[in-house]
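Let me begin by presenting the structure, written as structure tokens, before commenting on it.
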Amino acid sequence: MKNTFTLLCATVFLASCGGNNTPSNVQAPGDEKTSKDRLLETGADLLQSKNPLRHFNTYLDGFHFYNGNPEAQMEAHHYVQQLNEDVHQAIIFDGNGKDAKIMGIEYIISEALFKKLPEEEKKLWHSHQYEVKSGTLIAPGIPQAAEHELMEKLVSTYGKTIHTWHTDQERSLPVGSPMIMMGFTKDGQIHPHLVEERDKRFGVSTAKIREQRKDIVAPPVASGANAWERGEVRQFTVSNKADSAQHKHQIK
């Protein structure tokens, strides 16, 4: 599955299928690029290796909300790399065009790895079961059969998502604290207009996709995930104390 799907996604990615239909939410302040800047970019593009970036070859579109504030919701465009059978990593943008801003990152791990995490760490992670089964998580542009196979893999995974640029709040610069994000877990949580607008742009039907995924087997959500549902919210704050840097990540 891995090699076939990677080939399909790489082809789709290079052809820009299912993309370039969602502009960024904000315009960053600053002067236009100079001709010298553009020339340097062209030279760098031709001469420098982009090997890590070339392997982010799968595009997923879904929705997040701020942990602790389920009403603050946004669409998120994920460009994903599969590191191995148990770990993926994603760069998240606020759009899929050339002006898209990097909103943050997401790490995706298998249920087996999630269950090995410390209990406190698990509170930072969300399940993907509902996102897959509801049809709200899609892989735009690839054949339905390939997307279905991908979703069979993702349905039992868990994600840890951090947003660093809050363009959904019309912040034109990456100011403020990074924020832990969560995924939806049941019907009635996500604002319907977000899904409707997304479906219109991509020419898809979330309701139809949901029907097509009825046969995907979804294991029960592992204990410890989606802690926000139990009122156990964890969130970042900016502090003048350097305890995290000085004590938690000392070189041993």
Side-chain angles (χ1 to χ4, degrees), residues 22 24-26 60-78 80 88 90-95 101-109 111 114 117 119-138 151 154-171 174-202 204-207 209-210 213 216 218-238:
T22 309
S24 175
N25 295 320
V26 298
L60 299 174
D61 183 87
F63 303 91
H64 295 157
F65 65 87
Y66 292 93
N67 196 17
N69 187 2
E71 294 303 307
Q73 308 175 6
M74 75 291 298
E75 185 176 353
H77 303 261
H78 306 63
V80 187
H88 296 69
I91 306 170
I92 304 171
F93 292 82
D94 70 342
K101 312 303 184 298
I102 296 176
M103 289 203 303
I105 50 95
E106 179 167 2
Y107 299 105
I108 300 168
I109 61 175
E111 180 180 39
F114 175 78
L117 296 176
E119 290 305 310
E120 184 63 28
E121 173 66 22
K122 289 179 180 177
K123 296 173 184 178
L124 307 179
W125 295 73
H126 61 273
S127 65
H128 291 134
Q129 184 198 87
Y130 176 79
E131 294 181 65
V132 168
K133 294 290 288 182
S134 67
T136 54
L137 182 68
I138 62 173
M151 295 302 162
L154 293 178
V155 71
S156 60
T157 62
Y158 295 81
K160 181 179 183 179
T161 304
I162 301 167
H163 281 196
T164 53
W165 191 339
H166 311 302
T167 66
D168 59 289
Q169 300 177 25
E170 299 183 356
R171 297 190 184 187
V175 297
S177 300
M179 302 291 279
I180 294 288
M181 311 304 291
M182 286 287 154
F184 298 98
T185 57
K186 62 183 66 173
D187 290 343
Q189 293 174 343
I190 190 170
H191 299 320
H193 73 88
L194 290 177
V195 180
E196 292 167 4
E197 291 169 1
R198 189 277 301 276
D199 285 6
K200 184 177 181 180
R201 271 184 277 110
F202 285 101
V204 301
S205 167
T206 294
I209 294 170
R210 182 175 188 151
R213 295 181 185 173
I216 294 179
V221 175
S223 174
N226 309 319
W228 66 274
E229 292 184 309
R230 304 184 297 277
E232 297 185 79
V233 174
R234 299 294 183 271
Q235 197 50 269
F236 293 126
T237 58
V238 175

Nearest heavy atoms of M182 and I180, plus distance in Å:
CE-CG2, 4.1 Å

My understanding is that only residues two or more places apart in sequence, or in another chain, count here; which of them pass ring pair (Phe, Tyr, Trp, His ring centres under 6.0 Å) with F93?
Y79

Do any pairs count as a salt bridge (Lys or Arg N to Asp or Glu O under 4.0 Å) and have a residue in residues 179-189, sequence neighbours left out, and if so which ones?
D187-R210

Determine the minimum heavy-atom distance between I216 and M151, stating which atoms define it.
CD1-CB, 3.9 Å

So which atom in A225 and which in V221 form the shortest heavy-atom distance, rounded to 0.1 Å?
CB-CG1, 4.0 Å

Please check this pair: side chain of E75 against backbone of L194, looking for a donor-acceptor N/O pair closer than 3.5 Å.
no

Close side-chain approach of H191 and E71, heavy atoms under 4.5 Å:
yes

Partner set under salt bridge (Lys or Arg N to Asp or Glu O under 4.0 Å) for K160, not counting sequence neighbours:
E121

Test of understanding: with side chain to side chain donor-acceptor pair (under 3.5 Å), list the residues that count as partners of E106, not counting sequence neighbours.
H78, H126, H128, T161

On a heavy-atom basis, the closest approach of S177 and V238 is OG-CG2, 3.0 Å

Determine whether a donor-acceptor pair (N or O, by modelled atom type, separation under 3.5 Å) exists between the side chain of S127 and the backbone of Y158.
no

Partner residues of F184 under the ring pair (Phe, Tyr, Trp, His ring centres under 6.0 Å) criterion, sequence neighbours left out:
F65

Between M181 and M103, does the side-chain contact (heavy atoms from CB on, under 4.5 Å) criterion hold? Intermediate values first, please.
CA-CA 11 Å; M181 311 304 291; M103 289 203 303; over 6 Å; no

Could you pull out all residues at least two apart from S24 that satisfy side chain to side chain contact (heavy atoms under 4.5 Å, CB included)?
V26, D94, D99, K101

Mind checking the OG1-CG spacing from T167 to N25? Nearest 0.5 Å is all I need.
4.0 Å

Quick note, salt bridge (Lys or Arg N to Asp or Glu O under 4.0 Å) partners involving residues 175-184, not counting sequence neighbours, are none

K122: what forms a side chain to side chain contact (heavy atoms under 4.5 Å, CB included) with it, not counting sequence neighbours?
F114, L117, E119

Do P178 and I162 come within less than 4.5 Å of each other through their side chains, counting heavy atoms only?
yes

Measuring from atom CG of N226 to atom OH of Y130, what distance do you get when rounded to the nearest 0.5 angstrom?
12.5 Å

Residues at least two apart in sequence or cross-chain that pass side chain to side chain contact (heavy atoms under 4.5 Å, CB included) with D168, listed by chain then number, are Y66, M74, H166

So does Y107 have more than 12 non-hydrogen atoms from other groups sitting under 6.0 Å from OH?
no

Tell me the closest heavy-atom pair linking Q129 and A218, and the distance in Å.
CG-CB, 3.6 Å

Side-chain contact test, heavy atoms from C-beta onward, threshold under 4.5 Å: evaluate it for L60 versus L154 and give yes or no.
yes

Side chain to side chain, H64 and I92, heavy atoms closer than 4.5 Å:
yes

Given I102 and W165, is the side-chain contact (heavy atoms from CB on, under 4.5 Å) satisfied, shown in steps?
CA-CA 7 Å; I102 296 176; W165 191 339; 5.7 Å; no

With sequence neighbours excluded, tell me which residues meet salt bridge (Lys or Arg N to Asp or Glu O under 4.0 Å) with E120.
K123, R234

Closest non-hydrogen contact found for T164 with G104 is OG1-CA, 3.9 Å

Sequence neighbours excluded, which residues qualify as side chain to side chain contact (heavy atoms under 4.5 Å, CB included) partners of T206?
T136, V195, R198, D199

At what distance, to the nearest 0.5 angstrom, does CH2 of W125 lie from CD1 of I108?
9.0 Å

